[in-house]
A.B. asks: 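Below is a structure I'd like to ask you about.
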Amino acid sequence: MKRLVIGRGSVFADLLIIGEAPGAQEDLEGKPFVGKSGKLLDELLQKAGIDYKKNVYFCNVIKCRPPNNRKPTAREINIQKPWLLKQIELVDPKFIILTGSTAMKTILEVKDPISNLRGQWIKKDGREIMAIFHPSYLLRFPSKEINKPYHLTLKDLENVRGKLYAV
Ligand code: URA
């Protein structure tokens, strides 16, 4: 672990995207979602018509890279959660996308598998929140066929685009 990875994008954004934790590239650059997963996420946002340079702020549940890319522990998440909640309060987005089950479970405090909840809008603390598959999952299952993870995620992001630009 080299550095803290706090966020990237516009702090005035209406859309906040939360990931799990920095990977190797994020650790090198000090910015979230700049590795392979991040590139795929940027591509999906662009395809869905979301201007990620202007309308999105990206951050993670965990601000420093876990050793050997392991999943963050429950203890690490609990220790860092107040920091994430403060970040949400400061950016004050109307919409939040939770990528993958770590972000989903941390913010929504549910135990469901992501496949049950992804794509659904959930209201919490005055914000509209949607969980989507993590882009690293799409990298592992790259098929672009209808109803496969890539296609479902693109549909989810198009749904987000509809709300984001309707405000
Ligand atoms: N990069 C991030 O910043 N977060 C993730 O969850 C995955 C890759």
Side-chain angles (χ1 to χ4, degrees), residues 1-11 13-48 50-88 90-91 93 95-119 122 124 127 129-142 148-150 152-154 156-157 160:
M1 198 269 281
K2 284 193 172 47
R3 63 182 102 218
L4 288 173
V5 176
I6 309 293
R8 102 170 140 98
S10 166
V11 289
D14 282 328
L15 175 61
L16 173 66
I17 299 186
I18 306 177
E20 180 176 284
Q25 195 59 30
E26 287 79 14
D27 190 33
L28 272 179
E29 291 189 38
K31 292 182 198 156
F33 283 114
V34 289
K36 270 193 186 162
S37 293
K39 297 242 154 47
L40 178 59
L41 184 56
D42 286 352
E43 173 196 306
L44 280 157
L45 288 165
Q46 211 160 11
K47 275 196 181 164
I50 296 173
D51 183 348
Y52 64 86
K53 292 196 175 135
K54 222 163 137 188
N55 301 124
V56 183
Y57 187 75
F58 299 84
C59 70
N60 285 307
V61 173
I62 296 290
K63 311 300 185 206
C64 42
R65 185 185 180 205
N68 305 317
N69 270 0
R70 65 156 168 73
K71 275 203 164 287
T73 63
R75 182 169 178 273
E76 287 166 342
I77 292 170
N78 283 336
I79 289 171
Q80 297 201 27
K81 189 171 172 181
W83 195 352
L84 173 65
L85 295 180
K86 193 73 194 168
Q87 206 169 15
I88 295 173
L90 290 171
V91 176
F95 306 103
I96 299 178
I97 293 178
L98 306 168
T99 66
S101 72
T102 298
M104 181 188 79
K105 288 176 178 166
T106 303
I107 293 298
L108 297 180
E109 296 173 335
V110 290
K111 291 202 161 65
D112 307 58
I114 188 133
S115 48
N116 281 6
L117 288 190
R118 61 135 278 278
I122 292 159
K124 197 173 180 205
R127 306 184 204 279
I129 305 180
M130 183 191 284
I132 64 170
F133 288 127
H134 195 282
S136 65
Y137 180 67
L138 309 188
L139 287 171
R140 273 182 280 135
F141 298 98
K148 297 282 193 228
Y150 182 97
L152 293 172
T153 305
L154 187 54
D156 292 344
L157 292 175
V160 173

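All residue numbers refer to positions in the sequence shown, counting from 1. Just so you know, ligand 1 is whichever comes first in the structure, and atom 1 is the first atom listed for that ligand. The figures here come from the full heavy-atom set of this structure, side chains too, leaving out hydrogens, waters and symmetry mates.
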A.B. asks: Please state whether the rings of Y52 and F58 are parallel, tilted or perpendicular, taking 30° and 60° as the class boundaries.
C.D. replies: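 Plane angle over 60°, so perpendicular.
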A.B. asks: What residues, two or more places apart in sequence or in another chain, satisfy ring-ring contact (aromatic ring centres under 6.0 Å, His included) together with Y150?
C.D. replies: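 ring-ring contact (aromatic ring centres under 6.0 Å, His included) list for Y150, sorted by chain: empty.
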A.B. asks: Would you mind listing every side-chain hydrogen bond (donor to acceptor under 3.5 Å, both in side chains) that reaches into residues 33-42, with sequence neighbours excluded?
C.D. replies: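 Qualifying pairs: R8-D42.
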A.B. asks: Can you pull out every side-chain hydrogen bond (donor to acceptor under 3.5 Å, both in side chains) where at least one residue sits in residues 18-31? Sequence neighbours excluded, please.
C.D. replies: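 Matches after skipping sequence neighbours: E20-K71, E20-T102, Q25-E29.
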A.B. asks: Just by modelled atom types, is the C64 backbone N or O under 3.5 Å from a matching donor or acceptor in the Q80 side chain?
C.D. replies: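 Here the side-chain-to-backbone pair does not exist.
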A.B. asks: Does K54 NZ have over 12 foreign heavy atoms under 6.0 Å away?
C.D. replies: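 Open.
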A.B. asks: When you look for protein heavy atoms under 4.0 Å from ligand 1, which residues do they belong to?
C.D. replies: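 Within 4.0 Å of ligand 1, the protein residues are G19, E20, A21, E26, P32, F33, N60, H134.
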